[in-house]
*Asks:* 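Can you keep this structure in mind? I'll have questions shortly.
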Amino acid sequence: MFILGRPFASYHLWSLVAPAVGQERWHCQMKRGFIKARQKDPIVKELLAHATPPQRIGILAQKGVYEFHHRSELLSQPDGVEKVAQLLKLNKSTEEVQQRVIQILKNYHHAPLLEGKHIVQLTRGDEGFPRPISIKQVEYPFRLYAAMDCIFSENGSRLHIIDFKTGKSAFDQRQALVYLVAARYLYPHNYAVASFYNLEHCKKSVLITVSSSQLDTIENQLAQVAQKHQQDLRRYEQKPVNFSKIFPPNPGNHCRYCAFNSICEFSGFKQIGE
Ligand code: SF4
């Protein structure tokens with residue numbers, strides 16, 4: 001049975017409600033429906049339980065960075081990469097995942113971004129949902145979820161939030177903006193900045209900084225995301241048969257990469273294969 005929870009927002013939800021710049025053609029609201037409304041349907045639950053290779057590479061890369069700093073002697077040992085690979089039990093992954101993660105570990109061992117930094121927080125990447133932050137100062141109060149990969153302090157009190165990436169996807173600035181909103185609540189006495197770092201291509205983003213009034217605007221945008229999603233969930237709860245009207249599909253070739261193409265009656269991928 002579907003049970004409506006309290007309103008919430010996160011970068012993930014924002015990205016499911018509205019596409020990133022340049023991604024408009026592939027954006028499908030029905031994916032949000034599967035992930036955030038039908039996640040307890042047994043078949044959807046089963047599909048969501050298995051990480052895709054790109055997701056698995058992201059998790060292992062984050063764990064690798066964590067291990068390098070958790071056991072910092074590994075950074076200076078010539079066989080540090082092999083030792084971290086063992087800690088990650090990489091040999092249990094597919095060949096593709098192993099190869100890409102080994103390259104990521106080699107990159108990081110060669111140029112450890114966080115070496116010498118004062119690390120405030122570094123997650124393993126498999127901790128699950130972070131504790132929500134209650135945002136009440138907006139017209140529509142909501143809970144904010146923001147799982148930050150790493151925070152370090154620089155120049156005394158400035159906090160730098162880093163999000164680690166793998167693969168080829170472009171950095172979506174909205175993710176950094178969500179972290180900066182979260183930092184305002186979690187670290188109210190510190191000024192925070194954010195950036196992305198691609199562990200696979202050793203590529204840094206520009207530094208993302210925002211003013212207090214810009215943070216207010218982002219908070220209001222997140223409140224609108226929370227409200228829109230809550231309204232959609234309520235409509236779905238009242239009339240599940242309207243699933244495809246509430247979360248309209250956007251079929252096309254991109255369905256090939258969608259985790260739900262095997263159960264989605266609108267999948268462009270299935271139609272091509274038939
Ligand atoms: S298979 Fe295509 S239409 Fe169906 S949810 Fe996925 S992207 Fe949307």
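This is a predicted model, so every value here is computed, not measured. Numbering of ligands and ligand atoms starts at 1, following listing order.
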*Asks:* Could you tell me if the ring centre of Phe152 sits under 6.0 Å from that of His160?
*Replies:* yes

*Asks:* Is the ring centre of Phe142 less than 6.0 Å from the ring centre of Phe8?
*Replies:* no

*Asks:* For the residue pair Ser211 / Gln214, report whether a side-chain donor-acceptor contact shorter than 3.5 Å exists.
*Replies:* yes

*Asks:* Do we see a donor-acceptor contact under 3.5 Å between the side chains of Gln77 and Lys83?
*Replies:* yes

*Asks:* Going by the rule side-chain contact (heavy atoms from CB on, under 4.5 Å), which residues pair with His254 if we only count those two or more places apart in sequence or in a different chain?
*Replies:* Trp26, Asn250

*Asks:* Please round to the nearest 0.5 Å and tell me the distance separating atom CZ of Arg100 and atom CG of Leu90.
*Replies:*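 Reported value, rounded in 0.5 Å steps: 12.5 Å.
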
*Asks:* Near atom 4 (Fe) of ligand 1, which protein N/O/S atoms are found at less than 2.8 Å?
*Replies:*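 The answer, once waters are left aside, is Cys264 SG.
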
